[in-house]
Amino acid sequence: MSKRIDVKDLNVYYGDFLAVEDISINIEAKSVTAFIGPSGCGKSTFLRTLNRMHEVLPGARVEGEVLMDGENLYGPGVDPVTVRSQIGMVFQRPNPFPTMSIRDNVLAGVKLNNKKISKGEADVLVERSLQSANLWNEVKDRLEKPGSGLSGGQQQRLCIARAIAVEPQVILMDEPCSALDPISTLAIEDLINDLKDQYTVVIVTHNMQQAARVSDKTAFFNIAGTGKPGKLIEYGNTQNIFSNPTVKATEDYVSGRFG
Amino acid sequence: MTATPLSSSQGAGRAGDKIFSGAALAAGCLILAVLFGVALFLVVQAIPALTAPAAEIQGGEGFFAYIWPIVIGTLIAAVIALVIATPVAIGVALFISHFAPRGLASGLGYIVDLLAAIPSVVYGAWGAAFLAKEISPAYNWLAENMGWLPIFQGPASATGKTILTAGIVLSVMVLPIITSLSREIFLQTPKLHEEAALALGATRWEMIKMSVLPFARPGIISAVMLGLGRALGETMAVALVLSSGALTASLITSGNQTIAAEIALNFPEASGLKVSTLIAAGLVLFVITLGVNMFARWIITRHKEFSGAN
């Protein structure tokens, strides 16, 4: 249960404003792909087009194709709701449902997509998802407590547990560690490493060390200036991008000379 | 660079701070003082009626026998109003905040707010002159087909001036209050929580159930309680619409009365103990409203742990 994603000639708009221009990229199944680049270069915007969350904003639209194992996510008749149930997402700030218990948070997506689930099955699923998110030991005694009572890092792992409980094909992470302390960040990075055995993971990060640590492949995005669209500058094996990039802008960025 | 001694403080800022906190404190105290003054007035003026011999109170059976039918009547009218208005108001508010295209939403919001600006006497006149007449065939139908229910027992009022009509008019009057407040709360739902639901594959309605409504729950309760406050205290509309009488279970015959309308209709000609009796009725309404609001606060705080405030 993990699929590859192939993007062909994708343009992303907010109204009339072209935010991201002409992206073509192939994201391998069962691997971690990192998007890096300076603020405002469109990497988060592009990530949100991969599960059709971009179009939630008024006036936002997309041209081009995003193929998941050959099937166009933007094809006619494709329901964005179905797309999102197969491509999970973890956000920049942890966002467990504040009115739900930890247990209900994990089950939230399952109860949506699915029919009825028996209590026994639900228990198994909650434990398995929280285990996979490395959170089980910390919360097993307080599953009925609200998710908002956890620490930031725990909340983020709860959100990851919630995303993997529905067994998605792909998991998108939008700067999942930017609101977390270094210890929690390490916990999430370990988790990402485990997740790639089963899932296709795409992560946006501002932290180049993080990209170097967790990803197999790295894509560097940049903009020519404010008001200009973001572009994919270079995409390749993480090692190559960091040790011997082919484009000058990439080299400047990864060596800290700008951005 | 000149160092400012730590013991000195910036004059203007300090003074502003003091003035502001003083003003805020005064405003808070004023509210309490006004509330206390009203309560004191009601209690003092009501004492003669509460202590008078039963035979001297209107009806001749004491204050309790006089007041309880109109307490029930007040509650019936208010409950009818809320039962009708709450779902409609939440629906309209959700439509404005989450479904309508932006241009339509602001226009619609404006119109709803306009409903609140119409004077209650106009609602009363509309209810008495138009709605009552138009709705009486429906009451006949209810009496014939659902008359086995005590609340729809016939014969239906020919004029349509019943407690149900009054309740419907009240529901139109409280609708804008509940709608405006709910809409504001719905719009404040954190984007983060809405996106959390959408990213899990929720449809728009599921997203509303998962993020918007739980977030807005305390606000909706507050809005309904404000609406209830208006419905309990509304005088003019009920006085004009309802053809009052003794307490009856049937909602579609004339009869029943509310406290506020009872006071308004009788006060001009009242004197002596009768005035006292009406003020005591006002005291009862005051206590009911207070109780309802405290109950609402209790509901809101009961789920504090899960409110998202932490």
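The chains referred to below are lettered A, B, ... by the order of the sequence lines, with proteins before strands, and numbering in each begins at 1.
When all heavy atoms of A:Pro94 and B:Leu192 are compared, the pair lying nearest together is O-CD2, 4.1 Å. Minimum interatomic distance between B:Leu200 and A:Gly109 (heavy atoms only, all atoms of both residues): CD1-N, 3.8 Å. Counting all heavy atoms, side chain and backbone alike, A:Val81 lies closest to B:Ala202 at CG2-O, 3.9 Å. When all heavy atoms of A:Arg162 and B:Ala196 are compared, the closest pair comes out as NH2-CB, 3.6 Å.
Contact annotation for A:Leu172: neither backbone nor side-chain heavy atoms come within less than 4.5 Å of a heavy atom of chain B. Neither the backbone nor the side chain of A:Pro80 comes within less than 4.5 Å of any heavy atom of chain B. With a threshold of 4.5 angstrom between heavy atoms, B:Arg102 approaches chain A through side-chain atoms but not through N, CA, C or O.
In this structure, B:Phe295 places its CZ atom where only 12 or fewer heavy-atom neighbours from other residues, nucleotides or ligands lie under 6.0 Å away. Applying the 6.0 Å contact sphere to CZ of B:Arg297 captures no more than 12 heavy atoms from other residues, nucleotides or ligands. At most 12 heavy atoms of other shown residues, nucleotides or ligands fall within 6.0 angstrom of atom CZ in A:Arg93. More than 12 heavy atoms of other residues, nucleotides or ligands shown are found within 6.0 angstrom of CD on A:Glu28.
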| task | Step by step, work out the side chain to side chain contact (heavy atoms under 4.5 Å, CB included) result for B:Glu195 and A:Met89. | result | CA-CA 9 Å; B:Glu195 293 195 336; A:Met89 188 159 201; over 6 Å; no
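Rounded to the nearest 0.5 Å, atoms NZ (A:Lys111) and CE (B:Met210) are 9.5 Å apart.
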